[in-house]
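The structure under discussion appears below in the form of C-alpha cells.
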Amino acid sequence: MKAALFHKYGGPKVVRVEEVPDPAPGPGEVRIAVRAAAMNHLDLWVRRGLPIDIAMPHIGGSDIAGVVDAVGPGAGHVPVGARVVVDPSLDYDWYDGSAPGRSLPSRELRIIGEHTPGGFADYAVVPAANLIEVPPDVPFEDAAAASLVGVTAWHAVVVRGRVRPGERVLVTGASGGVSTMAVQMARHAGAVVYAVTSGADNVARVRDLGADVVYDRLEVDYGRALWKDTDRQGVDLIVDSVGAATWKSNLRALRQSGRLVCYGATTGPVGETSLPLLFWKKASILGSTMGTPADYRRAMQLVFDGVVRAPIDEILPLERAREAHERLEAGEVFGKLVLKP
Ligand SMILES: NC(=O)c1ccc[n+]([C@@H]2O[C@H](COP(=O)([O-])OP(=O)(O)OC[C@H]3O[C@@H](n4cnc5c(N)ncnc54)[C@H](OP(=O)(O)O)[C@@H]3O)[C@@H](O)[C@H]2O)c1
C-alpha cells in the first residue's frame, strides 16, 4: 500500500510517500480502507521528535475514517463494509480511571498515529473497540476532520471546564482545529463566546462559527480589550492551548473564581504565573487531555447531528502530505487539512 511516512525526525522534508506492505489485523483488530485522514498539530510534534519511543518508519495520522476491509480473530462482530471513524485514544479508561487513594494505572494513554501507525495510508489497522459507525449522510472527510479535535474540545470545555449557560468563555488560537470546535461547543452550551485569532479573514470565519466577540491578536492586546469589553469583569472560563504566548494575558482576562483550562502548549511549555493574580482571583488552573470513549461518542454525535462541524480548509491527495505538514506548521490553516489516499 501507499503511505505517507518518515524514517527519521525532522522538518516537513522528512515526510515522503512510499510503498509498504499491507498491514494485517491481529486479535481484536480490524483493517480499514482509509477514505479520509486529517492532520492535527500532534502530527507536527511527532515528526519533530517528541520524547517517545516509536518504531521507524512511522506512519502518522490520528484522524481516520473509512470502510472496514478485513477483521482479525475476535472482531467478527464488526461487519466488513461498515463506514466507521476511529477514536484515536488507546487505554484512556486506564489513564483516566485511577481514583484517589488507588495505585496509579498500569497502562498509559497512547494515541493512534502517535504511538502506533496511523491513517496516512491506504489501510490502517486499529482495535475494533475504537470504532464508531458513521451515518450514511456524513462524509468521511467531515468525520475524520472532527475526530481528535472533537473529543479534545468536548473534554476541555464540558468535562474539565464545566461550562454553564450564560457564562463568558474565551477561546484562544481560535482558527486551530480544537479551538474551532471549542468555540462551537461553548456556544451550543449557551455561553457568550469571546475568541482570539489572527488576521481579518480568520476573525470573520470565527464569527461565522458563532463567537460573539472576536479579537485579532495581530491588531490588539486582547487581554486589555476583553477587560474593557466586560466592564472589568473578565471571563468565567478560558480554553487555551497556545501556551507561553497567551498565559499571562489569560490570567489577567480571568474573572473572580474563573477557570483556565490548558490542553496544549503550541508556543512553548512555560508560562509566567502571577501568584497574587492567582490567589486574589481565586482562579482554578485545570489540565485536560483527549477524552474518554464516552466523551468521544458525545462529541461525534454533535457532529453527526449537524450541531458542530470541523471546518475543512482543504482536502489534499495523500501524495501532498509533506505540503500539509508545511502549511499547518506555517499557521496557514483555518480548522483542518484532510488527506485522501
Ligand atoms: N492535550 C490534548 O489532548 C491535545 C489534543 C489536541 C491538541 N493538543 C495541542 O493543542 C494545540 C492545538 O492543537 P490543534 O491541532 O488545534 O492545532 P492547530 O490547528 O495547528 O492550531 C493552533 C493554533 O494556535 C494559534 N497560534 C499559533 N501560534 C500562535 C502564537 N504565536 N500566538 C498565538 N496563537 C498562536 C493559531 O491560531 P490563531 O492564528 O487563530 O491565533 C493556530 O491556528 C497543539 O499544541 C496540540 O498539540 C493537545
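- Applying the side-chain hydrogen bond (donor to acceptor under 3.5 Å, both in side chains) criterion to R16, with sequence neighbours excluded, gives E18.
- Here the closest non-hydrogen pair linking R255 and D236 is CD-OD1, 3.0 Å.
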Checklist entry - Run the side-chain contact (heavy atoms from CB on, under 4.5 Å) check on E319 and K2 step by step: do they pass? => result CA-CA 9 Å; E319 287 74 9; K2 235 180 319 150; 2.7 Å; yes

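- Residues forming a side-chain contact (heavy atoms from CB on, under 4.5 Å) with V242 (at least two apart in sequence, or on another chain): T172, D240, A245, T246, T267.
- By the 4.5 Å heavy-atom criterion applied to side chains, I111 and L42 are counted as neighbours.
- Looking only at side-chain heavy atoms (C-beta outward), F6 and I59 stay at 4.5 Å or farther from each other.
- Contact of the D313 side chain with the K336 side chain is not registered, since no non-hydrogen atoms from C-beta on lie closer than 4.5 Å.
- Cation-pi contact between R31 and Y123: present, with separation from the ring centre below 6.0 Å and deviation from the ring axis of at most 45°.
- Scored by the ring-ring contact (aromatic ring centres under 6.0 Å, His included) test, H41 finds W45 as partners (sequence neighbours excluded).
- By the ring-ring contact (aromatic ring centres under 6.0 Å, His included) test, Y194 is found to be paired with no residue, residues two or more places apart in sequence or in another chain being considered.
- Counting heavy atoms of neighbouring residues, nucleotides and ligands inside a 6.0 Å radius, atom CZ of R162 does not exceed 12 of them.
- When each of N250, D229, T197 is tested with Y222 by the rule side chain to side chain donor-acceptor pair (under 3.5 Å), just one qualifies, namely N250.
- Contact check for I132 versus V84: no side-chain heavy atoms found under the 4.5 Å cut-off.
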Next on the checklist: For R297 and Q301: C-alpha separation, side-chain torsions, deciding distance, then whether side-chain contact (heavy atoms from CB on, under 4.5 Å) applies.
Outcome noted: CA-CA 6 Å; R297 284 176 185 279; Q301 197 58 51; over 6 Å; no

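- When side chains are defined from C-beta on, M181 does not count as touching T152, because their heavy atoms never get closer than 4.5 Å.
- The distance from atom CD1 of I312 to atom CG of L337, rounded to the nearest 0.5 Å, is 9.5 Å.
- Side-chain heavy atoms closer than 4.5 Å link hydrophobic residues (I, L, V, M, F, W, Y) into clusters, and following such links, possibly through other members, connects L237 to W154.
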Checklist entry - Hey, mind stepping through D221 and W227 against side-chain contact (heavy atoms from CB on, under 4.5 Å) and telling me if it holds? => result CA-CA 10 Å; D221 174 342; W227 199 242; over 6 Å; no

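- The two residues V125 and P23 have their closest heavy-atom pair at CG2-CB, 3.6 Å.
- The shortest distance between side-chain heavy atoms of Y263 and V239 falls below 4.5 Å.
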Next on the checklist: Would I54 and Y9 count as a side-chain contact (heavy atoms from CB on, under 4.5 Å) here? Give the steps.
Outcome noted: CA-CA 11 Å; I54 58 173; Y9 299 124; 3.2 Å; yes

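- A donor and an acceptor atom, one from each side chain of H325 and R47, are located under 3.5 Å apart.
- Applying the side-chain contact (heavy atoms from CB on, under 4.5 Å) test between V196 and each of L170, V171, V220 identifies L170 as the sole match.
- What you find for H188 and V307 is that their closest heavy atoms are ND1-CG1, 3.3 Å.
- One finds the CD1 atom of I315 at 11.5 Å from the CZ atom of R320 (value rounded to the nearest 0.5 Å).
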Item to check | salt bridge (charged side-chain N to carboxylate O under 4.0 Å, His left out) assessment of D212 paired with R168 | outcome: CA-CA 10 Å; D212 297 275; R168 293 189 185 119; over 6 Å; no

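- Taking CD1 from I112 and CG from D87, the interatomic distance works out to 7.0 Å, rounded to the nearest 0.5 Å.
- Taking the side chain as every heavy atom from C-beta outward, V235 and L226 approach each other to under 4.5 Å.
- If you chain together hydrophobic residues whose side chains sit under 4.5 Å apart, I285 and V163 never meet in one group.
- Here the straight-line distance linking atom OG of S179 with atom CZ of F334 works out to 9.5 Å at 0.5 Å rounding.
- Here the closest non-hydrogen pair linking G291 and V151 is CA-CG2, 3.7 Å.
- Q184 has its side chain within reach of R309: a pair of non-hydrogen atoms, C-beta onward, lies under 4.5 Å apart.
- Note that the CG atom of N130 and the CD1 atom of I64 stand 9.5 Å from one another [nearest 0.5 Å].
- The minimum heavy-atom distance between D43 and S62, with the atom names listed, is OD1-N, 4.3 Å.
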Only pairs under 3.5 Å count here: list side-chain donor-acceptor contacts from residues 134-147, not counting sequence neighbours, and write none if there are none.
| from | atom 1 | to | atom 2 | distance (Å) |
| --- | --- | --- | --- | --- |
| E141 | OE2 | K340 | NZ | 2.7 |
| S147 | OG | V86 | O | 3.2 |
| S147 | OG | Y296 | OH | 2.7 |

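- Minimum heavy-atom separation, R259 to L254: O-CD1, 3.6 Å.
- Other residues, nucleotides and ligands place no more than 12 heavy atoms under 6.0 Å from the CZ atom of R224.
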Only distances under 3.5 Å count here; give the side-chain donor-acceptor pairs of residues 198-207 to other protein atoms, sequence neighbours excluded, each with its distance to 0.1 Å.
| from | atom 1 | to | atom 2 | distance (Å) |
| --- | --- | --- | --- | --- |
| N202 | OD1 | R205 | NH1 | 3.2 |
| N202 | ND2 | S198 | O | 2.9 |

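- No donor-acceptor contact under 3.5 angstrom links the side chains of T292 and Y92, judged on distance only.
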